[in-house]
Chemist: 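Have a look at this one before I ask anything.
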Amino acid sequence: FADEAALKVMKAKGTVLVPTLMALEGVRARIGKGIYTPTVEVKARQALEAAGRQVQRSKAMGVTVAFGTDAGVFEHGRNAGEFVLMVQNGLTPTEAVASATTIAAKTLGLDNEIGRIAPGYAADLIAVNGNPLQDVRTLEQVEWVMARGRLRK
């Protein structure tokens, strides 16, 4: 629910927006099913409406946007859906991928270890069939994972 004034302060202080849009998709799936109280449903609908606008406004105002998922509130394995939601809400595919790599590494203070392919960096890689810079949905179909230089899948 960051308004323009809050986003100005975020920009001035170097605060990073991590929208966790997929977490709200988990909420969206439960609305109208008697899971939430009527008051919570109203707030959930407001959050769903505001979330995408926050990404768009953050980008327009120069606030850094980093990838995050809050993966515990929806089924594991769906976290790459965050890329699609970020693109639907104003980031380019290149910006969405950067939000999960170089920007996320910098946000965590690990940008000298992870977040890019370079000598001396952790070899944390995935392989997909396709170009995620043309279609971020390809990131939802991972062929294999390499973590710290070791093939995992």
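Just so it is clear, the values below take in all heavy atoms, side chains as well, and ignore hydrogens, waters and symmetry mates.
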Chemist: Are Lys59 and Leu91 close enough that some pair of their side-chain heavy atoms sits under 4.5 Å apart?
Modeler: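 The answer is yes, as the side chains (C-beta and beyond) meet within the 4.5 Å cut-off.
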
Chemist: Any side-chain heavy-atom pair from Asp124 and Met146 closer than 4.5 angstrom?
Modeler: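 Side chain of Asp124 against side chain of Met146, heavy atoms only: no contact under 4.5 Å found.
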
Chemist: Would you verify whether the NZ or CZ of Lys43 falls within 45 degrees of the ring axis of Tyr36 while also being under 6.0 Å from that six-membered ring's centre?
Modeler: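 Output no; distance or angle outside limits.
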
Chemist: If you take all heavy atoms of Pro19 and Ala66, which pair is closest and at what distance?
Modeler: CD-O, 3.4 Å

Chemist: Examine Phe83 and Ile114 and state if one hydrophobic cluster contains both, with Ile, Leu, Val, Met, Phe, Trp and Tyr joined whenever side-chain heavy atoms are less than 4.5 Å apart.
Modeler: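 Phe83 and Ile114: separate clusters.
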
Chemist: Could you tell me the separation between the CG atom of Leu125 and the OG1 atom of Thr101, rounded to the nearest 0.5 Å?
Modeler: 11.5 Å

Chemist: Going from CG on Leu21 to CZ on Arg28, what distance comes out if it is rounded to the nearest 0.5 angstrom?
Modeler: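 Between atom CG of Leu21 and atom CZ of Arg28 there are 9.5 Å.
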
Chemist: So for atom CZ, which belongs to Arg137, do other residues, nucleotides or ligands contribute more than 12 heavy atoms lying within a distance under 6.0 Å?
Modeler: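 Open.
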
Chemist: Quick check: is Val128 connected to Val87 through a chain of hydrophobic side chains (ILVMFWY, heavy atoms under 4.5 Å apart)?
Modeler: yes

Chemist: Which atoms form the tightest heavy-atom contact between Val55 and Met86, and what is the distance?
Modeler: CG1-O, 4.5 Å

Chemist: Would you say that Gln54 contacts Leu17 through its side chain, given a criterion of any heavy-atom pair below 4.5 Å between the two side chains?
Modeler: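 In contact.
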
Chemist: To the nearest 0.5 angstrom, please state how far the OG1 atom of Thr94 sits from the CD atom of Gln134.
Modeler: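 Thr94 atom OG1 to Gln134 atom CD measures 10.0 Å (nearest 0.5 Å).
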
Chemist: With hydrophobic residues grouped by side-chain heavy-atom distances under 4.5 Å, do Val9 and Val16 end up in a single group?
Modeler: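 Not linked; separate clusters.
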
Chemist: Does Met61 reach the side chain of Lys11, with side-chain heavy atoms less than 4.5 Å apart?
Modeler: no

Chemist: Spell out, yes or no, whether Val42 and Val40 are grouped together once hydrophobic residues are joined by side-chain heavy atoms under 4.5 Å, including indirect joins.
Modeler: no

Chemist: CE/Met22 to CG/Asn79 distance, rounded to the nearest 0.5 angstrom?
Modeler: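 Spacing of CE (Met22) from CG (Asn79) equals 7.5 Å.
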
Chemist: Is there side-chain contact between Trp144 and Ile126, with at least one heavy-atom pair below 4.5 Å?
Modeler: no

Chemist: On a heavy-atom basis, which atom in Leu24 and which in Ala51 lie closest, and how many Å separate them?
Modeler: CD1-CB, 3.3 Å

Chemist: So, Thr92 side chain and Glu95 main chain: donor-acceptor pair closer than 3.5 Å or not?
Modeler: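 Looks like yes, one N/O pair under 3.5 Å.
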
Chemist: NZ of Lys8 to CZ of Arg57: how many Å apart, nearest 0.5 Å?
Modeler: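 Spacing of NZ (Lys8) from CZ (Arg57) equals 11.5 Å.
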
Chemist: How far apart are the C-alpha atoms of Asn131 and Thr138, what are their side-chain angles, what is the distance that settles it, and do they pass the side-chain contact (heavy atoms from CB on, under 4.5 Å) test?
Modeler: CA-CA 7 Å; Asn131 183 348; Thr138 63; over 6 Å; no

Chemist: Distance-only check: which donor-acceptor pairs under 3.5 Å involve side-chain atoms of residues 104-112, not counting sequence neighbours?
Modeler:
residue	atom	partner	partner atom	Å
Thr107	OG1	Ile103	O	2.8

Chemist: Glu49: what forms a side-chain hydrogen bond (donor to acceptor under 3.5 Å, both in side chains) with it, not counting sequence neighbours?
Modeler: Arg53

Chemist: Determine the minimum heavy-atom distance between Pro132 and Val97, stating which atoms define it.
Modeler: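 Nearest heavy atoms, Pro132 then Val97: CB-CG2, 4.5 Å.
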
Chemist: Give a yes or no on whether Leu133 and Leu85 share a hydrophobic cluster (residues Ile, Leu, Val, Met, Phe, Trp, Tyr; joining criterion: side-chain heavy atoms under 4.5 Å apart).
Modeler: yes

Chemist: With rounding to the nearest 0.5 angstrom, report the CD to CG distance, Glu143 to Asn129.
Modeler: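 The CG atom of Asn129 is 4.5 Å from CD of Glu143, to the nearest 0.5 Å.
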
Chemist: Specify the closest pair of heavy atoms between Tyr121 and Arg116, including all atoms of both residues, with the distance to one decimal.
Modeler: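 Scanning both residues, the minimum pair turns out to be OH-NH2, 2.9 Å.
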
Chemist: Between Val65 and Val63, is a side-chain contact (heavy atoms from CB on, under 4.5 Å) present by the stated rule, with each step listed?
Modeler: CA-CA 6 Å; Val65 179; Val63 174; 5.5 Å; no

Chemist: Salt bridge check, Arg78 against Glu140: does any charged N sit closer than 4.0 Å to a carboxylate O?
Modeler: no

Chemist: Given side chains that start at C-beta, do those of Leu7 and Ser58 come closer than 4.5 Å, heavy atoms only?
Modeler: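 A side-chain contact under 4.5 Å exists here.
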
Chemist: Ignoring hydrogens, what is the shortest heavy-atom contact between Glu41 and Gly32? Give both atom names and the distance.
Modeler: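 Here Glu41 and Gly32 meet closest at OE2-N, 2.8 Å.
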
